[in-house]
Amino acid sequence: MSQLRLLPSRLGAQASRLLAPHDIQMFSRRSRSSGPPAPFPSSKRGGSSSYMEEMYFAWLENPQSVHKIRGHHVAQLDPLGILDADLDSFVPSDLITTTDKLAFYDLREADLDKEFQLPTTTFIGGSEHTLSLREIIRRLESTYCQHIGLEFMFINDVEQCQWIRQKFETPGVMQFSSEEKRTLLARLVRSMRFEDFLARKWSSEKRFGLEGCEVMIPALKTIIDKSSEMGIENVILGMPHRGRLNVLANVIRKDLEQIFCQFDPKLEAADEGSGDVKYHLGMYHERINRVTNRNITLSLVANPSHLEAVDPVVQGKTKAEQFYRGDAQGKKVMSILVHGDAAFAGQGVVYETFHLSDLPSYTTNGTVHVVVNNQIGFTTDPRMARSSPYPTDVARVVNAPIFHVNADDPEAVIYVCSVAAEWRNTFNKDVVVDLVCYRRRGHNEMDEPMFTQPLMYKQIHRQVPVLKKYADKLIAEGTVTLQEFEEEIAKYDRICEEAYGRSKDKKILHIKHWLDSPWPGFFNVDGEPKSMTCPATGIPEDVLTHIGEVASSVPLKDFKIHTGLSRILRGRADMIKNRTVDWALAEYMAFGSLLKEGIHVRLSGQDVERGTFSHRHHVLHDQEVDRRTCVPMNHLWPDQAPYTVCNSSLSEYGVLGFELGYAMASPNALVLWEAQFGDFHNTAQCIIDQFISTGQAKWVRHNGIVLLLPHGMEGMGPEHSSARPERFLQMSNDDSDAYPVFTEDFEVSQLYDCNWIVVNCSTPANYFHVLRRQVLLPFRKPLIIFTPKSLLRHPEAKSSFDQMVSGASFQRVIPEDGAAAQAPEQVRRLIFCTGKVYYDLVKERSSQGLEEQVAITRLEQISPFPFDLIKQEAEKYPGAELVWCQEEHKNMGYYDYISPRFMTILSRARPIWYVGRDPAAAPATGNRNTHLVSLKKFLDTAFNLQAFEGKTF
């Protein structure tokens, strides 16, 4: 009676009533039909009657639900047969019983052969309407408790649940044609023999092979095939390093010789940058899908060793590709994310990325997640690596169905992947395929796993490879012959050997051949900028005026705005009449002018629609109609580019990664991420360190993302003060000791050679220009802007139209233009500074009457360092002491970056003295009085002309 191994108590209870259907009236607890409730069957052994009654009514409402809800707990998922996939050997009491317990449910063994009417909510009958209880149990067991374990009954949509039931319960759904089986076998051959070839040729090289989960290659190809069949034209993949080379070779179809040559230690790098290890590289390829005979574009996004960091990047790139294609429903572009079991459960960015999945400005209309469940994380047992039963439980938060499948059953895997692809393209929702497998070798090929998992690896060493298992099965059933199988192996081995021979001819590595996001037409054929000049960033005054008028109005009729906002708009209108702008208007004009030029602008982050400091107001809200909004920026011109401004979820890591991916898709866009406060970027440090700072050097990937980081010491405590400029400057790649050669194109060449641009603008006009310059440059670099807080409303922090009109441009350095500049030989001190502290210095200088003796020069672009302009300023005031003044503590801010560069450009002939706060552990004090005292102290020092007398530098 093996069928009874999974006899559920609910089914038993219902069966006892179905034996005498005239005795009860079937009904639902939710009053789907009228009539008195049926008497609940008693338990001969007693127990909790309320619990049993709950079980019974649940069964009435959802027949066979026990198997659907609990079946995955006892499904045979582990190919090794040594672990329960849910880490628990406990068998749910409502799922399993034996014949000796039938009496507990008022049943006898003879009842198993009685016929029962099947409910309309199940598909196990196929064309049959009645089945014996024995057959009902057998079919449910076959569907839910074999090599596939389904989790979907938590989904709160009946249609979706029924769709899944039909896909898996219908008899015969998992039958494959001979041709499909032969294709699957051929794909398994390629997957396994690729790894075998690498192991033979480079036995001592790390490659993070796929052995133990070779079925992932046919799995991914099935998802792509099915998606192509349903109209998908572009698939963007993200994955960790395990199996990456195999995916490049057999899914993306990278030329094998380009993969093999990566193992040559003598290979020379020809491109700019430092490159990356072979199992981190990406790829972009357009080809014909052989199954559907349709064009398909595949992009595997390059990523670092930081597991799951690439997830939001892939989603952002996918969203952008959908946006540029007008694919609002995700019918043309989709993403696939491959995960490891330990990382999927352990990395918080997975959760952050899932929570973007259904947000209007972030959704990619469903992602297929494939978990390579090795049942181990490096050396850590899963029982020590997660508290949840499955590594995939995080996906339940977004109602994503989860399909667990034994990876040693290739046909089950392929069927599940086909259903997953169909689910995504039917419901535009995420779905998870959990490939329960094993890792044949250690964490890498040099690692010894027997140190920590001896019993598991004894079993793995005995484990028959999946290719042999499946080949034996097909040979036994006559689908292929042994000779055909051996010929398929020999054919692929020959392909590998021939590619290996060609790879020996390659002496130079071109990283650009591994580019995951090419920009056709933006660079010349050699991948170089088409010019090394940047046009002026000013615009005609009539354009400034028009944008200002729209920014100070409500384009929609009968739209009631908040009275406070009316006052703000009137203030904007007054500024336009006076030909001046504040920070918010300058940003409005930068964005609006780019939209006029056909450049898509996207601004994302926490509270960016209004602005953290209530200065932006790019989305107006009707005060009387719920959820009625207006974005005036999209009402500037009839044929303008679209503007997207979107409040994000309360995430930095996930959202910054998303926007980085969005910026990868096209150079003809301005993509900005704003932190609520500048220091919040540190929860996204992985994206900054691994992608933004180093992305071009590692992967020859240009990216023009802009980070807006509110920064300033304003007595608000240690957490809302510093955007940590020292960290960005430390990672800047310009050489502090190299005296530059000042060529005609020095400014642009500096920008081209740097890894990112760091600025702290002190005027709205300069902020306007640097945003426009970001798009007008002939290449793309990340731009880090330390944005103001109090300056947003500072009466002196305004700019005239004259500083923004045609012919004007970004000023890397803003020199002194007051009385001191008229007689530079009389100046005793030249103060260099950046950002908000300039206004404090000007006020203090005025109060002390030192306008003729002290000059103040603003460093607006900090990195790359404007050596040429700093040299000019220093030489202009030959008799002046040079001082660097900052409001940050000495071990923070800019001093450690600018000091050696000043020494280089001055040939160490003059010192650059430090004025600012003393070194500290915290970025700022939490005491308002202490803040003011320290501010007064360093301002007094800045204008004490005897402060450095007798001191040596």
Side-chain angles (χ1 to χ4, degrees), residues 70-91 142-152 168 174 188 191-192 210-220 222-223 239-240 242-243 337-346 350 368-378 380-386 388-396 400-420 431-441 449 453 455-457 459-460 462-467 469-470:
R70 305 268 199 262
H72 58 87
H73 287 296
V74 294
Q76 301 162 36
L77 298 176
D78 180 17
L80 302 176
I82 57 176
L83 280 177
D84 292 286
D86 61 356
L87 303 184
D88 193 348
S89 59
F90 172 74
V91 175
S142 175
T143 298
Y144 293 105
C145 307
Q146 296 300 310
H147 287 165
I148 297 173
L150 305 177
E151 288 188 271
F152 67 97
F168 287 96
M174 279 184 55
L188 273 176
S191 176
M192 188 160 185
L210 195 55
E211 294 99 328
C213 194
E214 293 90 346
V215 76
M216 187 184 82
I217 298 303
L220 292 178
T222 297
I223 294 168
M239 68 175 297
R242 186 164 314 285
L337 287 174
V338 181
H339 313 267
D341 53 319
F344 198 61
V350 175
V368 180
H369 300 266
V370 178
V371 178
V372 177
N373 188 349
N374 294 314
Q375 307 182 81
I376 188 172
F378 202 152
T380 303
D381 187 289
R383 289 166 290 194
M384 307 300 157
R386 65 177 188 265
S388 60
Y390 294 102
T392 53
D393 287 334
V394 63
R396 295 169 68 106
I402 302 165
F403 304 150
H404 309 280
V405 58
N406 187 320
D408 264 14
D409 184 344
E411 291 181 7
V413 169
I414 296 314
Y415 184 73
V416 159
C417 288
S418 179
V419 173
V431 57
V432 177
V433 176
D434 178 23
L435 299 178
V436 185
C437 57
Y438 58 92
R439 190 188 66 197
R440 186 166 287 278
R441 303 176 189 271
Q453 275 76 32
L455 299 182
M456 171 183 268
Y457 273 84
Q459 178 59 39
I460 288 174
R462 294 191 293 266
Q463 192 78 1
V464 178
V466 64
L467 176 60
K469 285 183 181 179
Y470 192 58

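Everything numeric in this text was worked out from a predicted model, so none of it was measured.
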If we count only N and O atoms by modelled type, under 3.5 Å, do the side chains of [X] and [Y] hold a donor and an acceptor together?
{"X": "Tyr457", "Y": "Arg462", "answer": "no"}
{"X": "Gln375", "Y": "Asp78", "answer": "yes"}
{"X": "Asp408", "Y": "Gln463", "answer": "yes"}

| Going through the checks in order, is the side chain to side chain contact (heavy atoms under 4.5 Å, CB included) test met by Asn374 and Tyr438? | CA-CA 4 Å; Asn374 294 314; Tyr438 58 92; 6.0 Å; no
Roughly how far apart are [X] [atom1] and [Y] [atom2], rounded to 0.5 Å?
{"X": "Asp341", "Y": "Asp434", "atom1": "CG", "atom2": "CG", "value": "8.0 Å"}
{"X": "Leu188", "Y": "Ile414", "atom1": "CG", "atom2": "CD1", "value": "7.5 Å"}
{"X": "Tyr390", "Y": "Ile402", "atom1": "OH", "atom2": "CD1", "value": "9.0 Å"}

| field | Audit row: Met174, Ile148, side chain to side chain contact (heavy atoms under 4.5 Å, CB included) steps and yes/no | value | CA-CA 11 Å; Met174 279 184 55; Ile148 297 173; 3.7 Å; yes
Any [X] side-chain heavy atom under 4.5 Å of [Y] side chain:
{"X": "Met216", "Y": "Met239", "result": "yes"}
{"X": "Leu150", "Y": "Tyr144", "result": "yes"}
{"X": "Val215", "Y": "Cys437", "result": "no"}
{"X": "Glu151", "Y": "Asp393", "result": "yes"}
{"X": "Leu220", "Y": "Val370", "result": "yes"}
{"X": "Phe168", "Y": "Val416", "result": "yes"}
{"X": "Met456", "Y": "Ile82", "result": "yes"}
{"X": "Val432", "Y": "Val371", "result": "yes"}

| salt bridge (Lys or Arg N to Asp or Glu O under 4.0 Å), paired with Glu211, selected from Arg441, Arg439, Arg242 |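 Only one option passes, and that is Arg441.
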What pair of heavy atoms forms the shortest contact from [X] to [Y], and how long is it?
{"X": "Asn406", "Y": "Gln76", "result": "ND2-O, 3.1 Å"}
{"X": "Ser418", "Y": "Thr222", "result": "N-CG2, 3.9 Å"}
{"X": "Gln453", "Y": "Thr380", "result": "NE2-C, 4.2 Å"}
{"X": "Cys417", "Y": "Val433", "result": "SG-CG1, 4.1 Å"}
{"X": "Val466", "Y": "Ala407", "result": "CG2-O, 4.0 Å"}
{"X": "Gly340", "Y": "Pro240", "result": "N-CG, 4.5 Å"}

| said: Has Ser191 got a side-chain atom pairing as donor or acceptor with Glu214's backbone, closer than 3.5 angstrom? | reply: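 Yes.
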| request: Report yes or no: does Arg386 contribute a side-chain atom to a donor-acceptor pair with the main-chain N or O of Gly346 at less than 3.5 Å? | output: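 No, Arg386 side chain to Gly346 backbone: no donor-acceptor pair under 3.5 Å.
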| field | Sequence-distant partners of Ala343, side chain to side chain contact (heavy atoms under 4.5 Å, CB included), two or more places apart | value |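 With neighbours one apart ignored, the set is Leu307, Glu308, Gln347.
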| query | Residues two or more places apart in sequence or in another chain: which of them pass side chain to side chain contact (heavy atoms under 4.5 Å, CB included) with Asp409? | reply |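 With neighbours one apart ignored, the set is His147, Glu411, Ala412.
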| Could you go step by step and tell me if His339 and Asn373 meet the side chain to side chain contact (heavy atoms under 4.5 Å, CB included) rule? | CA-CA 8 Å; His339 313 267; Asn373 188 349; over 6 Å; no
